[in-house]
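The structure appears right after this line, and notes come after that.
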Amino acid sequence: MTSKLNRRTMLKLSGGGIAAAAMASPSILSAQDAYPSRPINVVVPFDTGGYNDRLARAFAPFLSERLGQPLNIINRGGAGALLGHTYFLQQPDDGYALLCTSAAPYLPLNILTQDAPFTIDQFHMVNLPSRDYTMLATSTESGITSIDEVISRLKEDANSLSIGIQPASADLVNLMLMADALGIDREALRLVTFDGGGPTRNAAAGNVVDIALVGGQGFLPLADKIVPLLIFDDAPRDGWNSKLITEVSADAQFVSGSQRGWAVHSSLVENSPEIYQTILTAIEETSKDPAVITALTNAQLATDWFGPEVSNKSLRATAAVMEQHISLLQGT
Amino acid sequence: MINFDALGDAFTLLSTSWSAWVFVIPGLLVGLFFGSMPGISITMAMAIFLPMTLYMDFLPAIIFLTSIYTGAGFGGSVPAVLMNIPGTSSAVATTFDGYPMSRQGRHNEALGLALSSSVIGTLSSYILLMFIIEPVSGVVLKMGPLELFVVAIWGLMLLGSLAGDSIPRGLLAGTFGLLLGTVGMNSAGYIRGTMGIPWLLDGVPTIPAMMGLLAASQLLNLVNTRHLIEDEDLRKISLKKILNGFRESFQFKTIIARGAIIGVIIGSIPGVGSSISNLLSYSEAKRNAPDGDTFGKGNPKGVIAAESANSSSEGGAMATMLALGIPGGGATAILLAAFAMHNIVGGPSFIANNQDIVYAIIISNFAQALLLLVIGLGFVYFASYIVRVPMRYLIPSVLVVALFGSYAIDGTSSGPITLAVFAVIGWAMVRYNYPVAAAVVGLILGNLVEGNLLRTYQISGGDPAYALERPGALFIMALMVISFSLSAFSKMRRKRKEGAAMGAS
């Protein structure tokens, strides 16, 4: 009776054996290997080609070298990063999902204007190297040469200039804060709303709108087609030759623009401090590596190291100012 | 104009390094394959292979990616012709006549036509690009909302010709599509019609909706047929017929030239691109053709018009990207990302300092177009075996592929759900004689029409005199009026001639 184990039974047995081995092996692996033992996903809540996507893709190879595992970039664009942020939080907080996002203004915007199913405290910023600033600019063909000219024309008639801007943006908050500080009638301003920074900048460079307020870093490739008029920051940025908001009005408030960079689940920091420490060290070392700094600077990407404390604080400060001006963010 | 020293350097650059050529054929194949998978867009195909290019030199990397771009541009038309599924949104107009041709057993001819018009379109757009790359950069940024609005309205004129037997039904279907196109958050930050579903904030996902409306509705109506082509004798796969179709398109030089020019111009405008240019070109070809009535029923000219325009948009988009460093659409955004990965910043300074590389990219694209001819021929030959598959296998497999494709778009179930919903809507529309294509055109143009009308209103403050400050818009409007009156005039004359002929006999 040697044929009791016929072919079918053998197949079943071996199939079961393989299945059992497959089921068992991950737990064996995770018990033995230290983090990271498999590839890590980087969630980018924007479509391919934008700043965060470029930052993630440029930084990933270097970070991957330090972590010893490949990094997969996962683009989850849509709904002003709401879908991507939600998706990120749905991933297990085991350190195998990192987030590369424009934390400000999108996290506060998701929460304040889109009923996001999360709070800012669920995200922990590891480092936000890119800190954009609102820039007020005009086309070289517009004939406008100084911010004083813009202000005096707007003071006389707030409707006299068309202003390119993105709805529900830090730029809009800055415009309104400036209008209030200078006594310009904010209701009468002639706003022209664009979907995204790129179209807003193109409209400014092409003299389609008289002036535009939009993130300044994105203007760098178009530098010779625009005149920078005003920067909403307290120190000069990126070599732009223009006035600062603090020079125009000493008591004008302003918010910083996009703050972009790396984040993890807050629960990871609490529950798995060793894994968090590995990620933190790897991102810090990579950010400070001279080769990385050269590569990213050439691609006009930021790699400064501010660290978690500064990054989280500055995100929360921006979120607080945005909450104060929530009425500006809902529909223009 | 052309800088011949740089041109010479470009040839040296290309002829001294084999690595610049090695990636052309794999790139084209990748592009053809991914482009022909419904739901995988040109952008996605390029994004998947972007990381690989990090390990290549700059020129081979760009050549590899532009090969994918070229291949995917044509790949999208294969399922459009054979299954009524536009593989990419730029192949919508290809379905209008390509698919009816297939059903009549003229699939070989249709694919040959599509291939040759694509190749000629790509070639001519890059030839144009060599001359216009500098002037283009001056004009593109000047395109304001009013100009884009006029372009969108021009596209909407297509609705009239898609209406079929009943104009009111056509307009109703078009309006339905336009309204669908306005779902989501508009440019002013207002959210409409999302029913609280976050996936609708960016609007109805266009590609799954399109697949549902066009393909699924068609397939459901074919449930009782045995084969895509009823007549068994016509179900042949014939290289000779493909080549005949290939040659046939050379007879329609005006249509190809018009398609190429429309493609380059529309393609160079950021944010518009090939999904609009194929519609515009189709609509112009239909209105100007003496046999305009047979468009939509399998007229080869329709395929030629659509394919020459969508493939030449590539050249236009490249012109904007190279000259200004700004992406016109997803594909060029990926190319710019590849530039950045090699520490090269696109834009005016790039062209000024690297003319040899720019010319090398252009010349390589000529070569890609010519190679596409050969590789495309083989690809098309094998793809057309689909017509031999019995419908009882084809319908479920195509539906499954479409469903997977719609899932692949952003990896959420919003794609498949949209596909299912729109398959039902599409089926109902066909059942009650509403033209599905009109709804698709409305859906594609809805956002463009609304956003730009809104911005025009915001800039002008509602003052119609603003139009007088925009010579560009006036020019486009004049072109549109001339084009319409010319075709009306020639139609009248034709009718009179026919009337006279009938009277004489």
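Throughout, a chain's letter reflects where its sequence line sits, starting with A, and its residues are numbered from 1.
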Within the supplied structure, the quantity of interest is the number of heavy atoms (other residues, nucleotides, ligands) at a distance under 6.0 Å from [X] [atom1]; does it exceed 12?
{"X": "A/Y96", "atom1": "OH", "answer": "yes"}
{"X": "A/E323", "atom1": "CD", "answer": "no"}
{"X": "B/F58", "atom1": "CZ", "answer": "yes"}
{"X": "A/Y106", "atom1": "OH", "answer": "no"}

Query - Distance (rounded to the nearest 0.5 Å) between B/R455 CZ and A/S162 OG - result: 13.0 Å
Report summary line: Heavy-atom nearest pair, B/L454 first then A/T193, reads CD2-OG1, 4.1 Å
**Report entry** Atom of A/V208, atom of B/K142 and distance for their closest heavy-atom approach
**Finding:** CG2-O, 4.0 Å
Query raised in the report: What residue in A/A58, A/A60, A/G206 has the most heavy-atom pairs under 4.5 Å with chain B?
Result: A/G206
Requested in this report: Below 4.5 Å from any heavy atom of chain A, which atoms of B/M143 appear? Answer side chain, backbone, both or neither.
Outcome: backbone
Report summary line: Applying a strict 4.5 Å limit to non-hydrogen atoms, the region of B/T456 in contact with chain A is neither
Query raised in the report: Under a 4.5 Å heavy-atom cut-off, does chain B meet the side chain of A/P61, its backbone, both or neither?
Result: side chain
Query - Per-residue contact mode, A/N207 against chain B (heavy atom under 4.5 angstrom) - result: backbone
